[in-house]
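Contents: one structure, followed by commentary.
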Number of protein chains: 2
Amino acid sequence: MNNELQKNAKVFKALCDPNRLAILELLRGGEKCACVLLEQLDLKQSGLSYHMKILCESGIVASRQDGKWTYYHLSLDGRDKAVELLKQLTTP
Amino acid sequence: MNNELQKNAKVFKALCDPNRLAILELLRGGEKCACVLLEQLDLKQSGLSYHMKILCESGIVASRQDGKWTYYHLSLDGRDKAVELLKQLTTP
DNA sequence: ACCTCACATCAAAAATTTTTGATATAATTA
DNA sequence: TAATTATATCAAAAATTTTTGATGTGAGGT
């Protein structure tokens, strides 16, 4: 399968799981620590970690380390890139 | 799982498969008959049908019947809705 | 140094999606 | 009307994704 397509698909894959959309919704309210996300979602710790990795790799979410904690937030830059890609892919 | 999120996920699910992105790429060149798509892609007839259904249900692609043939094209309207949704979901 | 906490990674199980081949349907042509 | 063509649907197999529980890692705290 075409590599470019695989790479593009990755961005949208981040957006097509209900748990990940729920995470984005929480992050819209501002930066959150993994432990806070964990208690708001119906996910195990390893499950949250799995989803956060996908979101971060897509560029839509960015993370920041502070001592023991990891804080996640929406990336404006990632958003812009995703929007551009979406437009590019779907504009006749 | 939250129903609204499920519904939103549907639009992006359409975009997270390489075969479907390849289909969108072909449709960017203009409306195409299923039979034309079929010969350009590495898909069986039933497989193409499966993917076209997902793309149409997402609103990003629209179809038109002409006798025996089905023609598919990108929907500007669907695109705009998807872009708006993406912005909404990812804007802090 | 040892213990605990926050999170990441791993491998196996469970769930979901995609592919495949067979069959159905609807429009067209002979 | 029978045969053919284009596409849809179905069910089972194959592939991929997600969940789960166990274990690893690195930063503090004691």
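Order of the sequence lines fixes the chain letters, A, B, ..., with proteins taken first and strands second; residue numbering starts at 1 for each chain. Note that these values count all heavy atoms, side chains included, but never hydrogens, waters or copies made by symmetry.
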Output the rounded distance in Å from CG (Leu38(B)) to P (dT5(D)). 15 Å
If I take atom NZ in residue Lys32(B) and atom C1' in nucleotide dT7(D), what distance separates them, rounded to the nearest angstrom? 19 Å
At a heavy-atom distance below 4.0 Å, what parts of residues 65-75 of chain B sit against DNA chain C? Gly67(B), Lys68(B)
Spatial distance of atom CD (Glu25(B)) from atom CG (Leu41(B)) [nearest 0.5 Å]: 10.0 Å
Are any side-chain N or O atoms of Arg79(A) and backbone N or O atoms of Pro92(B), one a donor and one an acceptor, separated by less than 3.5 Å? no
d(NZ, Lys44(B); P, dA12(D)) in whole Å: 19 Å
Consider only side-chain heavy atoms of I, L, V, M, F, W and Y, link residues closer than 4.5 Å, and tell whether Val36(B) and Leu38(B) are in one cluster. no
Measure the distance from CG on Leu37(A) to C1' on dC7(C) and round it to the nearest whole Å. 12 Å
For Tyr50(B), what are the other residues in its hydrophobic cluster, where any two members join if their side-chain heavy atoms are less than 4.5 angstrom apart? Ile54(B)
Anything under 3.5 Å between a protein N or O and an N or O of nucleotides 14-18 of chain C, put it in a table, one pair a line.
residue, atom, partner, partner atom, Å
dT17(C), OP1, Lys13(B), NZ, 2.9
dT18(C), OP1, Arg20(B), NH2, 3.1
dT18(C), OP2, Tyr50(B), OH, 2.6

Are there more than 12 heavy atoms of other residues, nucleotides or ligands under 6.0 Å from atom NZ of Lys81(B)? no
For Leu15(B) and Asn8(A), run side-chain contact (heavy atoms from CB on, under 4.5 Å): C-alpha distance rounded to whole Å, both residues' side-chain angles, the deciding distance at 0.1 Å, then the answer. CA-CA 9 Å; Leu15(B) 295 163; Asn8(A) 289 342; over 6 Å; no
Could you measure the distance from the CD1 atom of Ile23(B) to the OH atom of Tyr72(B)? Nearest 0.5 Å is fine. 9.0 Å
Where the side chain of Cys33(B) is concerned, which of dT20(C), dT7(D), dA8(C) is the nearest nucleotide? dT7(D)
Rounded distance in Å - CG (Leu48(A)) to P (dA6(C)): 14 Å
Comparing Lys53(B) and Gln45(A) on DNA chain D - which has the more 5′ nearest nucleotide: Lys53(B)
Is any side-chain heavy atom of Leu89(A) closer than 4.5 Å to one of Ile60(B)? no
